[in-house]
Enquirer: 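Dropping the structure in here first, questions after.
Below, chains carry the letters A, B, ... as their sequence lines are ordered, and counting in each starts from 1.
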Amino acid sequence: MQKPSIPKGTRDFSPEEMAKRNYIFDTIRSVYHLYGFQQIETPAMENLSTLMGKYGEEGDKLLFKILNSGDFIGGLNDAEKTSLSSIQLTNRISEKGLRYDLTVPFARYVVMHRNEIAFPFRRYQIQPVWRADRPQKGRYREFFQCDADIVGSDSLINEVELIQIIDEVFKRFGLRVRIKLNNRKILSGIAEWIGASDRLTDITVAIDKYEKIGADLVNKELLEKGLSEEAVQKLQPVLSLEGSASEKFTQLKNILRTSEVGQKGIDELETIFAHSERLGLSAELELDLRLARGLNYYTGAILEVKALDVEMGSITGGGRYDNLTGVFGMPGVSGVGISFGADRIFDVLNQLDLYPKEALHNTRLLFAPFGEAEAAWCLPLLKQFRQAGVSAEMYPDPAKMKKQMSYADNRAIPYVAIVGTTEMEQGTITVKNMQTGEQETLKPEDLLHRLTQ
RNA sequence: GUGGUUGUAGCUCAGCUGGUUAGAGCGUCGGAUUGUGGUUCCGAAGGUCGCGGGUUCGAGCCCCGUCUCCCACCCCA
């Protein structure tokens, strides 16, 4: 018999891990509700035609494809079997794929349900997504995203609200973060200004690495991508802008004074900054002109969140996309959204051990009967405690007290109710506090009262 | 997808230049203790040495392939 295993980049979650993960999901969910977002779910698999071409060439490669059911090879003749390229063959034998993110399926959802939706539509969605990426620390092939989007509204107030949500969620986690903001329109303006409008994607991909690899290597990459020496030189003062957001805005306005789109981007960000500063934030809010983000459907504000106290990639991302539903035949709908990376947040909270004790809820009371008669006597009590909201369980087998005690110890159950013939006769329970080791004999209703105070 | 690295008990790891029956700690289970856990003592179970092939009288160790883990790219949560 072969040892069992699970696919590369996937994980099992133990009860303890699930308690922690649910704490994360519950926290995010309750903040979403607080801000008036409604939950939807979409299927794990989508038609490949929905997914392909939405994430760029790289993204298409990372899609998990599902083999057609039945005799998927039957429709091919012998010549096709040998002559088709693997891409052509894929198109013939696979027409479904696992979702790569939640945003594109959401766009598909909005188009299909446009007549039922009241716009502006504030929806959230917490589901797993799959990417055929090579796994690494903080990178899995199956992971959860926690998306919130607002579609059908151009207002920058939506961006401000999403930033408030991010701030509130990380405040509740007790995690210090920096929210980095930029705007694709500013990046367009910069590309225009250095005379390389057509190279926007290459520029954004390169400068996105600035923090990691430094100015020299970014410039080297830009030159390799075919930008002129002059254009790269012209870019330098923009990339190295320092100071507060307002100082950066002042300088940027001057640099991009001839670029209409650039000015628009600056105006948008200034509005978002002004509102956010007025409302107040616990997190740091930073204008980062080197922030670019890969997903090429973003058209306006873009944002990313970094944890301050631990080394980890971005733990939340988002931005505005002006025409995501356009590819599904519904033009003119603007949306803006964020996505919490639950799996990375999980890793970060683990490293810093930031879980509140009460979040890792557990059985509070274990009934430890000496035999079957005692167990039967305990059953109604068990029900009574549960009805009063005390999470309780009973050791079901007639086992030695030592074994029942070590079970309670192992499960970290704080109270054990010991019931033997003496207790049954007297109608009492002997309760042991597992932390202090103290033990006393009480009437069941007194114990119940104590545990529900 | 490219390059590198790793894999021995449930976990963390030893294992000599290739040489008899592959070890330790922790954990698990049983007992010391038939009404009491966390400490202590005694004992036991648990391994096709990731998988497949090769070299050799002989392979955990050498060679090839493959899978996995981790790291750097690519990209991203």
Side-chain angles (χ1 to χ4, degrees), chain A residues 1-12 14 24 28 55-63 86 100-103 126-147 201 204-206 208-209 212-213 217 221 291-296 298 303-307 311-318 337-348 366 368-371 374 395 398-424 429-441:
Chain A
M1 182 91 145
Q2 207 185 341
K3 280 185 183 173
S5 62
I6 56 174
K8 183 200 281 218
T10 64
R11 296 153 294 162
D12 285 327
S14 66
I24 293 171
I28 294 169
Y55 309 104
E57 222 173 290
E58 289 296 326
D60 283 356
K61 282 192 215 157
L62 299 181
L63 286 171
S86 58
Y100 177 92
D101 70 0
L102 301 177
T103 306
I126 299 176
Q127 288 190 275
V129 304
W130 294 270
R131 294 182 190 178
D133 211 349
R134 194 173 278 205
Q136 255 178 63
K137 199 169 214 75
R139 279 173 82 156
Y140 307 98
R141 289 186 145 188
E142 178 185 64
F143 61 97
F144 273 76
Q145 291 192 331
C146 311
D147 278 28
T201 304
T204 55
V205 167
D208 204 25
K209 296 176 197 160
K212 200 168 182 179
I213 64 177
L217 287 172
E221 179 167 333
L291 173 66
R293 291 186 63 73
L295 293 172
N296 55 15
Y298 290 123
L303 68 86
E304 223 167 73
V305 180
K306 293 273 290 178
E311 199 53 48
M312 178 68 71
S314 79
I315 52 178
T316 293
I338 53 170
S339 180
F340 288 94
D343 297 87
R344 285 190 179 172
I345 294 171
F346 174 71
D347 289 345
V348 168
L366 176 77
F370 275 99
E374 288 88 342
Y395 199 91
K400 287 179 191 167
M401 197 43 51
K402 176 186 168 65
K403 194 171 167 122
Q404 304 199 39
M405 283 299 194
S406 45
Y407 174 78
D409 187 50
N410 190 270
R411 288 276 314 276
I413 296 171
Y415 298 98
V416 175
I418 299 163
V419 176
T421 45
T422 321
E423 285 82 1
M424 272 204 296
I429 289 174
T430 297
V431 63
K432 174 158 183 165
N433 180 325
M434 296 296 279
Q435 267 119 53
T436 62
E438 284 164 13
Q439 187 166 310
E440 58 188 313
T441 301

Enquirer: With heavy atoms under 4.0 Å as the rule, sort A:S339 into base, sugar-phosphate or nothing.
Expert: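 Nothing, no heavy atom under 4.0 Å.
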Enquirer: Could you point out which residue of A:T103, A:T316, A:D147 forms a side chain to side chain donor-acceptor pair (under 3.5 Å) with A:S339?
Expert: A:D147
Enquirer: Can any side-chain N or O of A:D343 pair as donor or acceptor with the backbone N or O of A:F144 at less than 3.5 Å?
Expert: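 Side chain of A:D343 to backbone of A:F144, a donor-acceptor pair under 3.5 Å: yes, one is there.
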Enquirer: Quick check, does A:F143 stack with B:rA77? I mean ring centres under 5.5 Å and planes off by under 30°.
Expert: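 Answer is yes, a stack.
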Enquirer: Between the main-chain N or O of A:R134 and the side-chain N or O of A:R141, is there a donor-acceptor pair closer than 3.5 Å?
Expert: no
Enquirer: Can you tell me, in whole Å, how much space there is between the C1' of B:rU17 and that of B:rU48?
Expert: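 It comes out at 27 Å once rounded to the nearest Å.
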Enquirer: Does any donor-acceptor pair link the side chain of A:D409 with the base of B:rG37 at a separation under 3.5 Å?
Expert: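 Side chain to base: pair found, below 3.5 Å.
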Enquirer: Given the P atoms of B:rG1 and B:rC62, what is the spacing between them in whole Å?
Expert: 28 Å
Enquirer: Is there a donor-acceptor contact under 3.5 Å from the side chain of A:R11 to the main chain of A:E142?
Expert: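 At least one qualifying donor-acceptor pair exists.
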Enquirer: If the P atom of B:rC73 is compared with that of B:rC26, how far apart are they to the nearest Å?
Expert: 41 Å
Enquirer: So what does A:G59 touch, heavy atoms closer than 4.0 Å: a base, only the sugar-phosphate, or nothing?
Expert: nothing
Enquirer: Could you give the distance separating B:rG60 and B:rA14 at their C1' atoms, to the nearest angstrom?
Expert: 12 Å
Enquirer: Regarding B:rG35, can its base be found pairing with the side chain of A:E423 as donor and acceptor, where the two atoms are less than 3.5 Å apart?
Expert: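 When only heavy-atom distances are counted, A:E423 does reach the base of B:rG35 through a donor-acceptor pair under 3.5 Å.
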Enquirer: If the C1' atom of B:rA9 is compared with that of B:rG46, how far apart are they to the nearest Å?
Expert: 6 Å
Enquirer: Determine whether a donor-acceptor pair (one donor, one acceptor, N or O, separation below 3.5 Å) exists between the side chain of A:Q404 and the base of B:rU36.
Expert: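 Under the 3.5 Å cut-off, the side chain and the base do not form any donor-acceptor pair.
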Enquirer: Do any N or O atoms of the protein come closer than 3.5 Å to N or O atoms of nucleotides 40-43 of chain B, and which pairs are they?
Expert:
none

Enquirer: Checking A:R131 side chain against A:Y100 main chain: does a donor-acceptor pair fall under 3.5 Å?
Expert: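 Such a contact is found between A:R131 side chain and A:Y100 backbone.
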Enquirer: Tell whether A:K8 reaches the base of B:rU68 with its side chain through a donor-acceptor pair below 3.5 angstrom.
Expert: no
Enquirer: If I pick the C1' atom on B:rA22 and the same atom on B:rA59, what distance separates them, to the nearest angstrom?
Expert: 13 Å
Enquirer: So, under a plain 3.5 Å distance rule, would you say the side chain of A:K403 forms a donor-acceptor pair with the base of B:rG37?
Expert: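 No, the side chain and the base share no sub-3.5 Å donor-acceptor pair.
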Enquirer: Mind checking ring pair (Phe, Tyr, Trp, His ring centres under 6.0 Å) for A:Y395 and listing every partner two or more places apart, or none if nothing turns up?
Expert: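 By the ring pair (Phe, Tyr, Trp, His ring centres under 6.0 Å) rule, A:Y395 matches A:Y407.
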Enquirer: Rounded to whole angstrom, note down the P distance from B:rA77 over to B:rG4.
Expert: 29 Å
Enquirer: Please report the distance, rounded to the nearest Å, between OH in A:Y100 and P in B:rC75.
Expert: 11 Å
Enquirer: Counting just side-chain N and O atoms, does A:K400 come under 4.0 Å of either OP1 or OP2 of B:rG30?
Expert: no
Enquirer: Donor-acceptor pair under 3.5 Å: do we get one between A:S406's side chain and the base of B:rG38?
Expert: no
Enquirer: Atom CZ of A:F340 to atom C1' of B:rC76: distance rounded to whole Å?
Expert: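 After rounding, the gap between these two atoms is 18 Å.
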Enquirer: Which dot-bracket string describes RNA chain B (Watson-Crick N1-N3 plus N6-O4 or O6-N4, or G-U N1-O2 and O6-N3, all under 3.5 Å; [ ] crossing; | other strand)?
Expert: ((((..(..((((.....[...)))).(((((.......))))).....(((((..]....))))))..))))....
Enquirer: Considering residues at least two apart in sequence or located in another chain, which fulfil the salt bridge (Lys or Arg N to Asp or Glu O under 4.0 Å) criterion with A:E423?
Expert: none
Enquirer: Atom pairs under 3.5 Å, N or O on each side, protein against nucleotides 71-73 of chain B: can you list them with distances?
Expert:
unit_1 : atom_1 : unit_2 : atom_2 : d
B:rC71 : OP2    : A:K137 : N      : 2.5
B:rA72 : OP2    : A:Q136 : OE1    : 2.9
B:rC73 : OP2    : A:K212 : NZ     : 3.4

Enquirer: Classify the nucleic acid contact of A:G371 as base, sugar-phosphate or nothing, counting any heavy atom under 4.0 Å across all strands shown.
Expert: nothing
Enquirer: Categorize A:V205 for me: base, sugar-phosphate, or nothing, with a 4.0 angstrom heavy-atom threshold over every strand shown.
Expert: sugar-phosphate
Enquirer: With sequence neighbours excluded, what pairs up with A:Y140 under the ring pair (Phe, Tyr, Trp, His ring centres under 6.0 Å) test?
Expert: none
Enquirer: Between the main-chain N or O of A:S314 and the side-chain N or O of A:R344, is there a donor-acceptor pair closer than 3.5 Å?
Expert: yes
Enquirer: Taking the same atom, P, in B:rA45 and in B:rG54, what whole-Å distance lies between them?
Expert: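 To the nearest whole Å, 34 Å.
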Enquirer: Figure out the CD1/P separation between A:I6 and B:rC67, and round it to whole Å.
Expert: 17 Å
Enquirer: When we call it a touch if two heavy atoms are under 4.0 Å apart, what does A:E374 touch: a base, just sugar-phosphate, or nothing?
Expert: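 Here A:E374 touches no strand at all.
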